[in-house]
Visitor: 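Have a look at this one.
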Amino acid sequence: MYKPSKDLLEAIRILFPVELTPWDDYYTRMAQTDFFLKRHLLQASKTYFIRKAPFGGSYALLGGLTAFLRMLVDYKFTSEVQEALLEQGYKKEFTDFLGSSNFDQIVVFSIPEGGVFFPNEPAIILEGPLYLLRLAEGILLKNVNYPSLSMTKWNRVAQAAAPGSSFEFARRRAQDDLRTSLYAYLGGTTVTSNSEVRKGADIKVVGTMGHEFIQSFGDEFEAFDKWLEINPDRPTLLIDTIDTIQSGVPNAIKAFQKHQDRIKNAGGLPGIRNDSGDLAYLTIEERRMFNAAGLPDVWIYETNDLDEYSIENIREQIYTHAQKAGLDPQDTLKKIIWACGTNPGTCSDQPSIGGVAKLSTVTSWDLECEVIKIAHDNPIKTSIPGSNRSCWVIDSTTGEIICDLIYSRKEKPEDCTVVRHPDDELKKTVIQFTMKDCVPRQQCVFRGGVIQSTPTLQDVRDRSLNDLGQLHWTYKRLKSPHVFKVGLSDRLFQLRKDMITGNKLINR
């Protein structure tokens, strides 16, 4: 099927087939054990969160929620699934039971896809029978962890590239190219080079020439000339095959001048691509040369293993030195397109995110009881007990987020007067707010086997922009960002403390 769609759920269904047994084996081993102990129908809840923000930042963006919910809807425990589990050593009584099961007994609460979330914040909450939650966790982590990591990385690239545009050229090197291309776009890039992703997602696909095209001619100008003759609608020339300044730019100017009318009539936007060398210096010199030749509208594409850090460095150099070359720094930066591939495509500086889903409540003696995982030697791994919710406390004057309050779903956020650091009694923030200053984070997104609403690709992109727009700039900078305040209500802080000091895994 080839059906580029603006609807995220439809795009995911086309791009990603349903897996046969989409979990790690230990989830089904626990579920089977629960079944034979007659504990499998106990009502429970699990919470997905990250312990630490990726890339040395203060936040992450939630990706993969729609892909996860799609699996809850589309996955069936078919005879083929049952046969696979039997072959893996599962008992027939259990596989027969699964054959009459589905995920419509699970309820899911979540922040919106594309939304900002912080360490310890309950990003996704699952509620339902224990055995189904175990299986659903295996599906959730696969579908949410990498997309959230990739989406966050590409959003950092897009922020660093502004006011220029950012392109995603990662297919050749990414470990999971389709997910990389999809979540790069959702994170803020504008186009992709990955033709296959357009099979299901309505994302613009572009491609320029490679060095081998010029090499195959033996003459740089002839290669440029023939390219523009055939491709006046895509008039981007790669100029570093021989010598960028001495050969590439002069030949590009000559070719653009020759085909100027052809390019205009085809609706093309002339551009050059740098793929090596000192990109800050080259960009300033190229812009100066094109302006002098009467070609001020030529775009400059920057490639060569870029990421958000190198982009920021190059931008700062251009902004500082362009004026000395007689250029307007802002105009120069606006006409740059940053085409990134390997580094953000592989998340090279952090190839995984520490997203986990922990059991948070379980029914015991007909009561819903909070559950905790304790790690005395590493407090960051001690979970927050209970099926909780969170809200953002907003400064009514600036519209910025002051802090993130995590509270028990048994509480009302407006009754909370303090936000406590989970592991330090001395760190707390006193808050006074009305409900208009409180933005609840989680919504019911899945109930009764039905996804409550599905976003478009643009909805997800807009959500990221909206959420990030409420963060002070000090939380968004690439280097040494401020740590965002995320804390617990008094009740939740005391409950967690009592369970840790009493070594109580379940609070009845």
Side-chain angles (χ1 to χ4, degrees), residues 8-10 12-48 64-110 124-145 356-369 371 387 409 442-454 506:
L8 181 56
L9 177 61
E10 184 175 39
I12 285 168
R13 279 177 163 148
I14 295 170
L15 291 173
F16 307 114
V18 173
E19 296 175 297
L20 186 66
T21 51
W23 44 64
D24 291 304
D25 184 68
Y26 79 103
Y27 293 114
T28 36
R29 297 293 169 189
M30 287 189 288
Q32 178 175 258
T33 305
D34 288 332
F35 173 77
F36 284 108
L37 292 174
K38 301 188 184 305
R39 302 176 70 252
H40 58 295
L41 296 180
L42 291 178
Q43 292 297 301
S45 65
K46 287 195 171 196
T47 301
Y48 173 82
L65 173 65
T66 302
F68 166 59
L69 299 180
R70 172 276 181 113
M71 286 293 294
L72 296 187
V73 172
D74 291 355
Y75 187 82
K76 307 299 178 188
F77 294 97
T78 63
S79 58
E80 188 177 12
V81 173
Q82 295 172 59
E83 290 169 6
L85 292 175
L86 286 170
E87 191 275 333
Q88 293 173 28
Y90 288 88
K91 294 180 171 61
K92 191 172 188 305
E93 299 95 315
F94 178 62
T95 61
D96 285 347
F97 170 73
L98 287 182
S100 61
S101 300
N102 56 55
F103 287 110
D104 63 6
Q105 299 175 66
I106 287 180
V107 180
V108 181
F109 299 87
S110 178
I124 302 173
I125 301 119
L126 312 180
E127 298 179 351
L130 183 59
Y131 82 102
L132 285 177
L133 294 192
R134 299 204 194 277
L135 302 179
E137 179 186 342
I139 298 172
L140 184 151
L141 296 181
K142 158 69 182 288
N143 282 280
V144 172
N145 271 340
V356 294
K358 294 299 180 185
L359 191 69
S360 48
T361 66
V362 68
T363 301
S364 180
W365 302 101
D366 295 325
L367 295 173
E368 181 184 77
C369 303
V371 177
S387 183
R409 70 175 179 187
Q442 296 77 21
Q443 304 167 1
C444 181
V445 295
F446 183 82
R447 186 187 294 273
V450 177
I451 301 174
Q452 300 301 294
S453 64
T454 58
I506 296 181

Visitor: Ring centroid separation for F97 and F77, is it under 6.0 angstrom?
Guide: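 No: the rings miss the under 6.0 Å criterion.
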Visitor: Can you give me the closest heavy-atom contact between A357 and E137, atom names plus distance?
Guide: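 Where A357 meets E137 most closely, the heavy atoms are O-OE2, 3.0 Å.
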Visitor: Please confirm whether the backbone N or O of S45 pairs with a side-chain atom of S360, one donor and one acceptor, at under 3.5 Å?
Guide: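 Checking the backbone N and O of S45 against the side chain of S360, a donor-acceptor pair under 3.5 Å is found.
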Visitor: For the residue pair V144 and I124, establish whether any side-chain heavy-atom pair is separated by less than 4.5 Å.
Guide: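 Yes; the side chains approach each other to less than 4.5 Å.
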Visitor: Give the ring-plane orientation class for Y131 versus H40, where under 30° counts as parallel, over 60° as perpendicular and anything between as tilted.
Guide: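 Because their plane-to-plane angle is over 60°, the rings of Y131 and H40 count as perpendicular.
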Visitor: Please tell me if the side chains of F109 and S387 come closer than 4.5 Å, counting only heavy atoms from C-beta onward.
Guide: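 Answer no - side chains too far apart.
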Visitor: Can you tell me how far CG of L130 sits from CD of Q43, rounded to the nearest 0.5 angstrom?
Guide: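 Here the rounded value is 9.5 Å.
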Visitor: For residues 19-38, which residue pairs pass the salt bridge (charged side-chain N to carboxylate O under 4.0 Å, His left out) check, not counting sequence neighbours?
Guide: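 Residue pairs with at least one partner in residues 19-38: E19-K142, D25-R29, D34-R39, D34-R134.
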Visitor: Does some side-chain heavy atom of R409 sit less than 4.5 Å from a side-chain heavy atom of E127?
Guide: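 A side-chain contact under 4.5 Å exists here.
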Visitor: For the atom pair CG (L140) and CH2 (W23), what is the distance rounded to the nearest 0.5 Å?
Guide: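 Answer for the CG-CH2 pair, L140 versus W23, is 14.0 Å.
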Visitor: As a quick check of understanding, evaluate side-chain contact (heavy atoms from CB on, under 4.5 Å) for V18 and R70, giving each step before the final call.
Guide: CA-CA 9 Å; V18 173; R70 172 276 181 113; 3.3 Å; yes
Visitor: What are the two closest non-hydrogen atoms of A67 and I12, and how far apart are they?
Guide: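 Where A67 meets I12 most closely, the heavy atoms are N-CD1, 3.6 Å.
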Visitor: OG1/T66 to CG/N143 distance, rounded to the nearest 0.5 angstrom?
Guide: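 Here the rounded value is 10.5 Å.
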Visitor: Are Y48 and N145 close enough that some pair of their side-chain heavy atoms sits under 4.5 Å apart?
Guide: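 Yes, close enough: below the 4.5 Å cut-off.
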Visitor: Got a second to check how far L9's CG is from I451's CD1, nearest 0.5 Å?
Guide: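 One gets 5.0 Å once the value is rounded to the nearest 0.5 Å.
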Visitor: Roughly how far, to the nearest 0.5 Å, is CG of L133 from NZ of K46?
Guide: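 Answer for the NZ-CG pair, K46 versus L133, is 6.5 Å.
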Visitor: How many angstroms lie between atom OG1 of T47 and atom CG of L126, to the nearest 0.5 angstrom?
Guide: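 Those atoms lie 8.0 Å apart.
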Visitor: Within the 4.5 Å heavy-atom criterion, are F103 and I139 side-chain neighbours or not?
Guide: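 Yes, side chains in contact.
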Visitor: On a heavy-atom basis, which atom in L69 and which in F446 lie closest, and how many Å separate them?
Guide: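 For L69 versus F446, the nearest heavy atoms are CD2-CB, 3.8 Å.
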Visitor: Checking side chain to side chain contact (heavy atoms under 4.5 Å, CB included) between Q88 and each of T28, T21, T95, which is the one that passes?
Guide: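 Passing option: T21.
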Visitor: By the salt bridge (charged side-chain N to carboxylate O under 4.0 Å, His left out) test, which pairs, at least two apart or in different chains, include something from residues 79-106?
Guide: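 Matches after skipping sequence neighbours: K92-D96.
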Visitor: Tell me the closest heavy-atom pair linking V81 and K76, and the distance in Å.
Guide: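 Where V81 meets K76 most closely, the heavy atoms are CG2-O, 3.7 Å.
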Visitor: Can you give me the closest heavy-atom contact between Y75 and L20, atom names plus distance?
Guide: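 Where Y75 meets L20 most closely, the heavy atoms are OH-O, 2.5 Å.
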